[in-house]
Visitor: 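This structure is in structure tokens; I'll ask about it shortly.
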Amino acid sequence: MNVASEFDWLPEHQTHVLESLGYIDELMDDVATVLQDESRIGVFTFANRRRGDVDESVIATVRPLPALVPRRAADILTQLRAVLEHVIFSEVSATVGRALSESEERSLEMPASSTSVAFDKWAADRRRRAIPVLQAGAPLLEAIRELQPFAWVGPDDSPLRVLADHTNTIKHRAPAIAASHVGKVVPDFELDGLAVPIPSGRPAIVGDVIASSPAGTTVGLDVWPVYAMQRPASGNWKVIMSELAYLEQWVRETALPALLGLGTGQKLPPALDVRRGHEDVRAAAALVVGKPGAAARNLDRLQAEGVVRPGFKELLQRLCQSEPERQAVDAWVDSLTDRDVIARYDRFSRTAVDQTTLYQASLQLIRKAVRSQASP
């Protein structure tokens with residue numbers, strides 16, 4: 001079987017797209033990993049203060065975000081816009097049938113026009129009108145037109161507009177603006193007079209009130225941090241990984257297929273391994289079809305670490321008869337990948353429909369854990 005045949009529809013001069021998407025995925029995984037590590041360490045410390053007959057829990061310190069986060073996010077955004085322009089340049093270079101002038105090369109870009117009039121002006125530039133694939137009615141020009149902000153219809157801002165705003169700011173002013181916010185605040189129990197302010201929507205600062213309660217009362221709080229980045233034009237804050245995922249998905253699933261003229265079923269994989277060289281990029285891409293991208297892996301990681309692993313361990317360890325069994329369960333659950341532990345827990349939950357099957361299924365998994373730790 002020729003595994004490369006799965007990507008024979010991608011022209012040789014456009015296979016660079018597969019490598020660029022793999023590199024973007026690698027960068028996104030870096031951001032997700034660093035943010036997860038920061039979350040484990042802890043972003044905030046807290047202090048208590050009394051104001052009259054009210055006790056307040058306030059932020060005492062805010063751990064600064066590592067400098068890698070906004071700069072790696074800036075790299076991702078820059079690469080996302082660059083891959084669009086690389087496709088345009090590659091398509092023109094491969095089809096024009098002559099050497100491009102330096103002026104023509106500089107004119108090859110992905111515009112972000114807010115009006116059809118502005119786009120028509122861009123398209124009418126004499127340097128572009130001399131290139132067949134950018135002339136009126138040409139599929140590439142029409143694909144570029146359909147991706148423009150003025151043509152966007154959707155619940156959020158135009159992805160191309162957002163991407164252009166980010167990259168223009170990154171190029172000329174500063175790296176991506178990112179900060180830690182207070183997300184969800186969950187008290188250990190309900191208490192009369194307990195008040196939890198609505199999240200401010202701005203970066204957390206020392207002195208922010210997390211909760212207040214009647215003087216003399218004590219309530220534990222679970223405070224979830226949110227790592228956000230700011231959109232330059234609107235000033236709105238978006239969760240970093242959500243913003244990057246929104247733009248990466250649009251580029252990979254909408255913009256690139258439109259520019260490349262891809263058909264149904266011709267999908268670009270997000271996760272090509274770019275830490276090694278590939279003699280045949282198409283064949284390498286065929287081997288990672290179906291592999292989830294960094295955004296999906298991050299969601300798996302958050303679900304596995306925050307919910308599934310702790311819950312799975314607690315459920316099984318209640319039935320352990322000895323400390324070695326509890327240790328074996330702990331080690332076995334930790335040995336499963338994020339996706340595997342979610343799948344295993346899901347199957348277990350669907351199987352254990354009553355107390356009897358829950359008990360039996362739990363004992364089976366405990367024995368499995370013990371055997372797995374006993375194996376060399």
Visitor: Can we say Glu56 and Arg50 salt-bridge, meaning some charged N sits less than 4.0 Å from an Asp/Glu carboxylate O?
Guide: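 Salt bridge between Glu56 and Arg50, a charged N being under 4.0 Å from a carboxylate O: no.
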
Visitor: Is a salt bridge present between Arg128 and Glu104, judged by a nitrogen-to-oxygen distance below 4.0 Å?
Guide: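 No, no charged N to carboxylate O under 4.0 Å.
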
Visitor: Counting only heavy atoms not in Arg98, do more than 12 sit closer than 6.0 Å to its CZ atom?
Guide: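 Yes, enclosed.
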
Visitor: Step through the shown structure and confirm whether more than 12 heavy atoms of other residues, nucleotides or ligands are within 6.0 Å of CD on Glu323.
Guide: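 Count over threshold, so yes.
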
Visitor: Verify the distance criterion only: is there a donor paired with an acceptor across the side chains of Glu91 and His13 at less than 3.5 Å?
Guide: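 Short answer, yes.
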
Visitor: Got a salt bridge between Asp165 and Arg161, using NZ or NE/NH1/NH2 to carboxylate O under 4.0 Å?
Guide: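 Looking at Asp165 and Arg161, the cut-off is met.
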
Visitor: Is it the case that His278 and Glu19 place a side-chain donor and acceptor less than 3.5 Å from each other?
Guide: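 Their side chains do not contain a donor-acceptor pair, so the 3.5 Å distance test is not met.
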
Visitor: So which heavy atom on Ile170 is nearest to which on Ala176, and how close?
Guide: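 So the minimum-distance heavy-atom pair works out to CG1-N, 4.1 Å.
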
Visitor: Salt bridge check: are Lys267 and Glu253 linked by an N-O gap of less than 4.0 Å?
Guide: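 No salt bridge links Lys267 with Glu253.
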
Visitor: Does one side chain, of Thr78 or Thr167, offer a donor that lies under 3.5 Å from an acceptor on the other?
Guide: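 Side-chain D/A pair, Thr78 to Thr167: absent.
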
Visitor: Keeping the roles fixed (side chain from Arg72, backbone from Leu27), state whether a donor-acceptor pair exists under 3.5 Å.
Guide: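 Looks like no, no N/O pair under 3.5 Å.
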
Visitor: For Asp188, does the CG atom sit with more than 12 other heavy atoms under 6.0 Å from it, leaving out its own atoms?
Guide: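 Yes, because the 6.0 Å sphere around CG of Asp188 holds more than 12 heavy atoms from other groups.
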
Visitor: Side-chain contact test, heavy atoms from C-beta onward, threshold under 4.5 Å: evaluate it for Ile210 versus Val196 and give yes or no.
Guide: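 No. Closest side-chain heavy atoms not under 4.5 Å.
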
Visitor: Grouping I, L, V, M, F, W and Y whenever their side-chain heavy atoms are under 4.5 Å apart, do Ile205 and Val185 come out in a common cluster?
Guide: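 Ile205 does not cluster with Val185.
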
Visitor: Would you find a donor on one side and an acceptor on the other, under 3.5 Å apart, between the side chain of Ser113 and the backbone of Thr115?
Guide: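 No: the side chain of Ser113 does not pair with the backbone of Thr115.
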
Visitor: What I'd like to find out is whether the side chain of Val186 reaches to under 4.5 Å of the side chain of Leu221, using heavy atoms alone.
Guide: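 A side-chain contact under 4.5 Å is absent here.
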
Visitor: Which heavy atom of Gln135 sits nearest to which heavy atom of Leu141, and what is that distance?
Guide: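 Minimum heavy-atom separation between Gln135 and Leu141: O-CD2, 3.5 Å.
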
Visitor: Between Trp152 and Phe150, is the ring centre distance below 6.0 Å?
Guide: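 When the ring centroids of Trp152 and Phe150 are compared, they turn out to be at least 6.0 Å apart.
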
Visitor: Side chain to side chain contact (heavy atoms under 4.5 Å, CB included), that's the test. Do Leu302 and Gln36 meet it? Break it down for me.
Guide: CA-CA 8 Å; Leu302 294 174; Gln36 188 74 359; 2.9 Å; yes

Visitor: Arg309 and side-chain hydrogen bond (donor to acceptor under 3.5 Å, both in side chains): which single residue from Asp334, Asp330, Asp338 fits?
Guide: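 For Arg309, the side-chain hydrogen bond (donor to acceptor under 3.5 Å, both in side chains) test succeeds with only one of Asp334, Asp330, Asp338, which is Asp338.
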
Visitor: A quick test of your reading: do over 12 heavy atoms of other residues, nucleotides or ligands sit less than 6.0 Å from CZ of Phe46?
Guide: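 Yes, because the 6.0 Å sphere around CZ of Phe46 holds more than 12 heavy atoms from other groups.
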
Visitor: For side chain to side chain contact (heavy atoms under 4.5 Å, CB included), just list the numbers for Ile366 and Cys320, CA-CA rounded to whole Å, side-chain angles, deciding distance to a tenth of an Å, and then say yes or no.
Guide: CA-CA 7 Å; Ile366 291 169; Cys320 290; 4.1 Å; yes

Visitor: Filter on ring-ring contact (aromatic ring centres under 6.0 Å, His included), then keep only pairs touching residues 190-245, sequence neighbours left out; what's left?
Guide: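 Qualifying pairs, neighbours excluded: His181-Trp237.
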
Visitor: Does a side-chain N-to-carboxylate-O contact under 4.0 Å join Arg71 and Asp75?
Guide: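 No.
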
Visitor: Is any side-chain N of the basic residue among Asp300 and Arg297 closer than 4.0 Å to the acidic one's carboxylate O?
Guide: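 Between Arg297 and Asp300 there is no salt bridge, as every charged N stays at least 4.0 Å from the carboxylate O atoms.
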
Visitor: Please find the pair of heavy atoms, one from Ser103 and one from Arg127, that lie closest to each other, and give the distance.
Guide: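 Closest pair (atom of Ser103, atom of Arg127, distance): OG-CD, 2.8 Å.
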
Visitor: Which pair of non-hydrogen atoms, one from Ser212 and one from Val54, has the smallest distance, and what is that distance?
Guide: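 Looks like CB-CG1, 3.6 Å.
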
Visitor: Do Tyr23 and Val17 sit in one hydrophobic cluster, given that two such residues count as connected whenever their side-chain heavy atoms are within less than 4.5 Å of each other, even indirectly?
Guide: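 Yes.
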
Visitor: Test your reading of the model: is there a side-chain donor-acceptor pair from Gln266 to the backbone of Trp9, 3.5 Å cut-off?
Guide: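 No, the answer is negative, given that no donor and acceptor are paired below the 3.5 Å cut-off.
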
Visitor: Flag yes if Leu244 and Ile177 sit in one hydrophobic cluster, no otherwise; membership is Ile, Leu, Val, Met, Phe, Trp, Tyr, and two members link when side-chain heavy atoms are under 4.5 Å apart.
Guide: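 Looking at the clustering, Ile177 is in a separate group from Leu244.
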
Visitor: Trp122 and Glu109: side chain to side chain contact (heavy atoms under 4.5 Å, CB included), yes or no, with the steps?
Guide: CA-CA 10 Å; Trp122 176 87; Glu109 61 180 0; 2.8 Å; yes

Visitor: Do the side chains of Arg231 and Asp156 get close enough for a salt bridge, i.e. N-O under 4.0 angstrom?
Guide: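 Looking at Arg231 and Asp156, the cut-off is met.
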
Visitor: Does CG belonging to Asp222 count more than 12 external heavy atoms closer than 6.0 Å?
Guide: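 Yes, CG of Asp222 has more than 12 neighbouring heavy atoms, counting only those of other groups under 6.0 Å.
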
Visitor: Verify salt bridge (charged side-chain N to carboxylate O under 4.0 Å, His left out) between Arg367 and Glu325, making sure each step is shown before the conclusion.
Guide: CA-CA 8 Å; Arg367 288 194 291 269; Glu325 282 190 350; over 6 Å; no

Visitor: Is the backbone of Ser90 close enough, under 3.5 Å, to the side chain of Ser93 for a donor and an acceptor to pair up by distance?
Guide: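 Side chain of Ser93 to backbone of Ser90: no pair is present.
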
Visitor: Could you label the plane-to-plane angle of the His16 and His86 rings as parallel, tilted or perpendicular, counting under 30° as parallel and over 60° as perpendicular?
Guide: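 It falls in the perpendicular class, over 60°.
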
Visitor: Group every Ile, Leu, Val, Met, Phe, Trp and Tyr by side-chain heavy-atom contacts under 4.5 Å, then state whether Phe89 and Ile131 land in the same group.
Guide: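 Both belong to a single hydrophobic cluster.
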
Visitor: Would you check if Asn48 and Asp55 make a side-chain contact, meaning some heavy-atom pair closer than 4.5 Å?
Guide: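 Counting from C-beta outward, Asn48 and Asp55 never come under 4.5 Å.
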
Visitor: Go through Arg202 and Asp208 one step at a time and tell me if the salt bridge (charged side-chain N to carboxylate O under 4.0 Å, His left out) criterion holds.
Guide: CA-CA 11 Å; Arg202 58 165 174 75; Asp208 279 350; 2.8 Å; yes

Visitor: If you draw a 6.0 Å radius around CZ in Arg40, do more than 12 non-hydrogen atoms from other residues or ligands fall strictly inside?
Guide: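 Yes, the 6.0 Å shell around CZ holds more than 12 heavy atoms from other groups.
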
Visitor: Using a strict 4.0 Å threshold on nitrogen-to-oxygen distance, state whether Arg252 and Asp25 make a salt bridge.
Guide: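 Asp25 and Arg252: not salt-bridged.
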
Visitor: Give a yes or no on whether Val34 and Ile240 share a hydrophobic cluster (residues Ile, Leu, Val, Met, Phe, Trp, Tyr; joining criterion: side-chain heavy atoms under 4.5 Å apart).
Guide: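 Same cluster.
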
Visitor: Would you please say whether a donor-acceptor pair under 3.5 Å links the side chains of Thr357 and Asp354?
Guide: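 Present: a donor and an acceptor within the cut-off.
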
Visitor: So Asp157 and Lys238, salt bridge (charged side-chain N to carboxylate O under 4.0 Å, His left out) or not? Walk me through it.
Guide: CA-CA 12 Å; Asp157 295 335; Lys238 301 290 182 178; over 6 Å; no

Visitor: Quick one: closest heavy-atom pair of Thr169 and Pro232, and the distance?
Guide: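 Taking Thr169 first and Pro232 second, the nearest heavy atoms are OG1-CB, 3.3 Å.
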
Visitor: Step by step, work out the side chain to side chain contact (heavy atoms under 4.5 Å, CB included) result for Leu108 and Glu85.
Guide: CA-CA 7 Å; Leu108 300 179; Glu85 301 197 337; over 6 Å; no

